[in-house]
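Contents: one structure, followed by commentary.
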2 protein chains.
Amino acid sequence: MLKPTKKELNRDNLLNQGVTLLMNQGYHGTGLQEILDAVNVPKGSFYNYFGSKEDFGAEVIQHYIDPFITQLTAYLEQSDTDALGAIKRYFDELISELEKSGFKGGCLLGNLMGEIGDTSDVCQRSLQTAVTRYRNLLQSGLAKAQQQGTVRSDKSAEEMADLLVNAWQGALLRMKIEKSAAPVKRCCQDLLGDFFRP
Amino acid sequence: MLKPTKKELNRDNLLNQGVTLLMNQGYHGTGLQEILDAVNVPKGSFYNYFGSKEDFGAEVIQHYIDPFITQLTAYLEQSDTDALGAIKRYFDELISELEKSGFKGGCLLGNLMGEIGDTSDVCQRSLQTAVTRYRNLLQSGLAKAQQQGTVRSDKSAEEMADLLVNAWQGALLRMKIEKSAAPVKRCCQDLLGDFFRP
DNA sequence: CAATTAAAGACAACCGGTCGTATTATTTAA
DNA sequence: TTAAATAATACGACCGGTTGTCTTTAATTG
């Protein structure tokens with residue numbers, strides 16, 4: 001039970017590779033063969049692990065967002081007395097990772113929302129829950145910052161969290177085509193450093 | 001010379017249909033055959049009109065953004081003494097059209113930036129110029145509003161135009177998966193009605 | 001040995017792109 | 001104003017390759 005079975009391992013490898021390839025090449029731009037080859041799983045075995053490509057995509061979405069939730073949670077718990085600073089540092093780390101990867105890929109959620117967000121019911125639902133989970137966490141961080149007096153209170157934390165998520169997604173798209181970190185940096189500065197201040 | 005040739009007509013039909021299909025199904029999710037069938041152009045003729053699917057995509061992008069530029073320009077010229085009001089009314093009309101189409105599709109630029117913005121050089125360049133053209137127009141409108149005193153002047157018009165474009169793109173993605181106009185409406189209210197105010 | 005899972009391979013459908021030919025336009029010659 | 005010659009375009013069958021999925025067989029496990 002503690003040692004992962006081969007099946008669980010293959011599933012996890014497929015999901016990890018799915019995150020990478022779907023993020024960089026899109027849903028329709030990535031074939032199952034490519035994913036399977038990358039983790040040395042035979043093509044015939046795919047349907048032993050997942051019901052369909054669409055179901056796989058929906059699982060990949062959740063598999064993608066989990067680490068981000070964990071990471072942001074850690075930042076918030078670590079800097080308990082300065083929630084706004086925690087959020088800022090969290091985004092700074094994201095930007096640093098984006099720079100390392102040469103501004104490619106961006107965010108799987110944003111990319112898939114645009115590509116199949118309104119054509120695949122299964123993935124649409126998965127995207128909804130993933131985005132909402134992330135937004136809620138950001139919202140709770142902003143609410144704490146409001147209590148600490150570092151963020152304005154005349155706007156709801158939910159409203160600001162939504163704006164932050166949306167502007168961040170748009171900035172990631174701009175980053176991709178401009179091959180520059182300037183859009184995401186300015187996005188954080190404008191909102192966290194100005195608009196959200198009391 | 002005044003009457004469009006059959007070739008010009010076919011090209012235009014293909015581009016129009018390309019806008020619709022690429023926006024709703026994505027680049028890799030749309031085959032050439034589907035586009036050609038929709039406008040009754042034979043398969044073999046496609047390469048008389050366009051060099052490749054990639055080149056076609058790049059032209060579709062420009063063909064898509066043109067009407068938006070024209071429309072926003074009209075709004076700005078029409079309400080010459082109230083640039084901020086013109087921008088607001090322009091976005092209100094966009095929202096009204098999105099509601100009519102059932103929140104499907106969103107923005108071709110946003111969708112393609114996410115899907116192929118960093119994998120196709122040709123389309124990346126086309127996306128760059130399209131987004132920049134649009135941003136510049138918005139920037140000039142905001143600059144005029146600054147002169148009219150309806151928009152704050154301690155932030156550059158360029159910075160605000162970028163933020164507006166980015167947040168709008170993100171809000172469109174949210175709209176697609178939530179099937180609601182709330183994200184785009186709140187986006188405009190937050191920025192045009194609050195953050196940008198002096 | 002029975003039951004469950006992994007794997008192989010086939011399947012039809014479709015992809016973007018090519019190519020030789022048929023049709024149409026344009027130019028030249030009478 | 002014709003007629004012939006030449007150039008340009010339209011066309012659909014076809015290419016090799018790949019897609020997601022399914023059926024069947026092999027292997028593994030309890």
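Per chain, numbering begins at 1; letters A, B, ... match sequence-line order.
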Exercise. Rounding to a whole Å, what distance do you find between A:N10:CG and C:dT5:C1'?
Worked result: 12 Å
Seminar exercise, completed: Sequence neighbours excluded, the answer for side-chain contact (heavy atoms from CB on, under 4.5 Å) partners of A:V122 is A:E54, A:D55, A:A58, A:S120, A:R125
Problem set entry | Non-neighbouring partners of A:R152 that pass salt bridge (Lys or Arg N to Asp or Glu O under 4.0 Å), sequence neighbours left out | A:D154, B:D194
Exercise. What pairs with B:E99 under salt bridge (Lys or Arg N to Asp or Glu O under 4.0 Å), at least two apart in sequence or on another chain?
Worked result: B:K185
Problem set entry | Separation of atom OH in A:Y49 from atom P in D:dG20, rounded to whole Å | 18 Å
For this session: Between protein and nucleotides 9-20 of chain C, map the contacts as a letter string: B base, S sugar-phosphate only, - none, heavy atoms under 4.0 Å, written 5' to 3'.
Result: B-----SBBB--
Problem set entry | D:dA10 OP1/OP2 closer than 4.0 Å to side-chain N/O of B:N48 | yes
Problem set entry | B:K144: salt bridge (Lys or Arg N to Asp or Glu O under 4.0 Å) partners, not counting sequence neighbours | B:D80
Problem set entry | Value in whole Å for how far the C1' atom of D:dA10 lies from CG of B:N40 | 14 Å
Problem set entry | B:Q17 side chain vs B:L36 backbone, donor-acceptor pair below 3.5 Å | no
Seminar exercise, completed: Atom CZ of A:F50 and atom C1' of C:dA6 are separated, to the nearest Å, by 15 Å
Seminar exercise, completed: A:L36 CG to C:dA6 P, in whole Å, measures 13 Å
For this session: With sequence neighbours left out, write down each residue that passes salt bridge (Lys or Arg N to Asp or Glu O under 4.0 Å) with A:R135, or none if nothing qualifies.
Result: A:E158, A:D162
